[in-house]
Number of protein chains: 2
Amino acid sequence: MASASGRRPPADKYDERRRAIAESATRTLGELGYARASLREIANNSDFSHGVVHYYFKDKHDLIVYCVRELKTVCVRRYDGVVADSRTPDELVTGFADELADTLKEEASMHRLWYDVRSQSMFEERLRDVATEIDGWLEQMIWRIVSRYAELAGAEPALPPSVLYGILDGLFQQALIAVTRGHDGALDELRELVHQLLPTMIRPSLTT
Amino acid sequence: MASASGRRPPADKYDERRRAIAESATRTLGELGYARASLREIANNSDFSHGVVHYYFKDKHDLIVYCVRELKTVCVRRYDGVVADSRTPDELVTGFADELADTLKEEASMHRLWYDVRSQSMFEERLRDVATEIDGWLEQMIWRIVSRYAELAGAEPALPPSVLYGILDGLFQQALIAVTRGHDGALDELRELVHQLLPTMIRPSLTT
DNA sequence: GTCGGAACTTGACACCTGTCAAGGCGCACG
DNA sequence: CGTGCGCCTTGACAGGTGTCAAGTTCCGAC
């Protein structure tokens with residue numbers, strides 16, 4: 001694309017820098033939450049000055065929206081491999097449950113941040129659009145998983161996407177809260193629960 | 001109890017005043033959320049000065065914990081009548097679904113506040129205890145409803161209390177978000193969903 | 001080499017926050 | 001009629017916030 005010389009097109013470097021700042025900011029946001037993470041605190045916990053943050057992001061809202069969107073873009077693709085590679089229903093359920101428990105353990109603070117932002121979006125109109133958008137991504141993600149699961153089982157989903165998402169999101173959130181409160185067994189309980197619940201979310205296909 | 005004279009025991013008046021301040025504060029908290037509702041804003045939206053708030057509550061945390069606890073104490077008893085009076089499974093489901101849709105419409109800001117505080121409790125340790133306590137109340141509330149429903153149907157709950165709560169809480173939260181975003185159909189959808197889902201939450205009783 | 005603009009630092013502004021202390025009001029009691 | 005005490009108002013303090021502008025450094029282009 002661009003020349004192989006040392007200088008890159010400014011747009012690339014600009015985006016790269018934004019990403020680096022946002023990545024660092026996301027860590028602080030995940031630890032302190034949306035409200036208590038000030039721009040200075042975010043800058044102090046990184047290699048950037050508080051001025052450079054404002055140089056690359058219009059304001060705090062701009063930064064947070066960028067962080068959450070980036071964060072969830074990755075999160076939503078986490079199960080693509082399982083969906084694509086599973087050859088049996090059980091394999092898919094196990095893969096899904098394991099990934100779920102794994103992200104719950106390894107990326108707990110990122111999930112806390114998401115639920116925090118989504119809660120705030122009910123009070124701040126400026127957050128509403130991005131929250132709606134990401135909720136849509138997550139609903140589609142769940143739908144891909146369940147409908148593929150049904151397909152492998154020669155069945156079809158028994159509930160609409162929004163309901164499946166609401167149920168699994170609620171259970172995941174409860175597990176996240178339990179983990180945050182120090183209840184370590186929540187990981188295994190969530191895994192087992194997924195095994196128990198997914199079969200009840202499909203029904204024999206009418207066609208074929 | 002106390003004498004019928006004009007003067008009441010000071011403890012009563014103190015509690016009454018706390019309740020009055022908290023009731024007004026809860027309105028502001030429900031509109032602005034936990035983070036953006038400052039003590040001054042709370043006082044301005046009420047008949048009290050910002051000093052008197054601090055006279056009756058040790059600090060902001062004390063006030064908010066009092067508000068949320070009071071709020072949820074009422075919320076948790078909302079379905080007691082339905083549980084006690086229903087004579088058939090259908091009557092209970094209809095009563096439950098109607099109450100659910102009603103509180104979603106009439107007390108939306110109170111529910112927003114609760115989810116906000118619960119999210120914050122994942123970042124602020126001081127909120128964790130009260131959030132855990134209230135989650136317990138809600139789980140028991142759901143359990144009373146579903147187990148009574150099963151009883152009326154000559155069946156028993158098919159899932160443990162924590163799972164039932166997680167599912168219904170997730171769906172309620174989705175409906176709350178939808179309402180907040182202006183999707184008015186969410187009320188009827190929630191009602192219908194409860195009718196569809198509750199029968200799947202019980203199974204024929206093994207005993208008898 | 002030097003010019004110019006992009007990238008960044010620093011410091012400041014105006015505002016808002018929780019908290020508290022000094023003072024005034026009114027009312028029941030002696 | 002004082003007078004003491006609970007109740008409340010007002011004003012202030014110290015600290016933190018988002019935002020921005022002036023200045024500095026750096027590096028490629030001519």
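To find a chain, count down the sequence lines: A is the first, B the second, and so on, and within it residues start at 1.
- At whole-Å resolution of the value, CG in A:D47 and C1' in C:dT9 are 15 Å apart.
- Using a 30° and 60° split on the angle between ring planes, B:F172 and B:Y115 fall in the tilted class, from 30° to 60°.
- Shown are B:L71, B:T180, B:V179, B:L176; of these, the side-chain contact (heavy atoms from CB on, under 4.5 Å) with B:H111 is made only by B:L176.
- Between B:Y79 and B:F96, the ring planes lie perpendicular to each other; the angle is over 60°, past the 30° to 60° tilted range.
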For nucleotides 16-27 of chain C, 5' to 3', base contacts (B), sugar-phosphate-only contacts (S) and non-contacts (-) with protein non-hydrogen atoms under 4.0 Å give -SBBB-------
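- Both tests pass for B:K60 against the ring of B:Y34: distance under 6.0 Å to the centre and angle within 45° of the axis.
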Got a list of side-chain donor-acceptor pairs under 3.5 Å for residues 183-190 of chain B, not counting sequence neighbours?
unit_1	atom_1	unit_2	atom_2	d
B:H183	NE2	B:E189	OE2	3.2
B:D188	OD1	B:R191	NH2	2.7

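- Contact annotation: A:Y55 side-chain N/O to C:dC8 OP1/OP2 distance is not under 4.0 Å.
- Between B:Y66 and B:F57, the angle of the ring planes goes over 60°, which puts this pair in the perpendicular group of the 30/60° scheme.
- At C:dA6, none of the side-chain N or O atoms of A:Y14 fall inside 4.0 Å of OP1 or OP2 (strictly under the cut-off).
- In this entry the distance linking CZ of A:R17 with P of C:dA6 reads 16 Å, nearest Å.
- To the nearest angstrom, C1' of D:dT17 lies 15 Å from CG of A:L63.
- One can place OH of A:Y34 at 10 Å from P of D:dG18, the figure rounded to the nearest angstrom.
- At whole-Å resolution of the value, OH in A:Y56 and P in D:dT19 are 18 Å apart.
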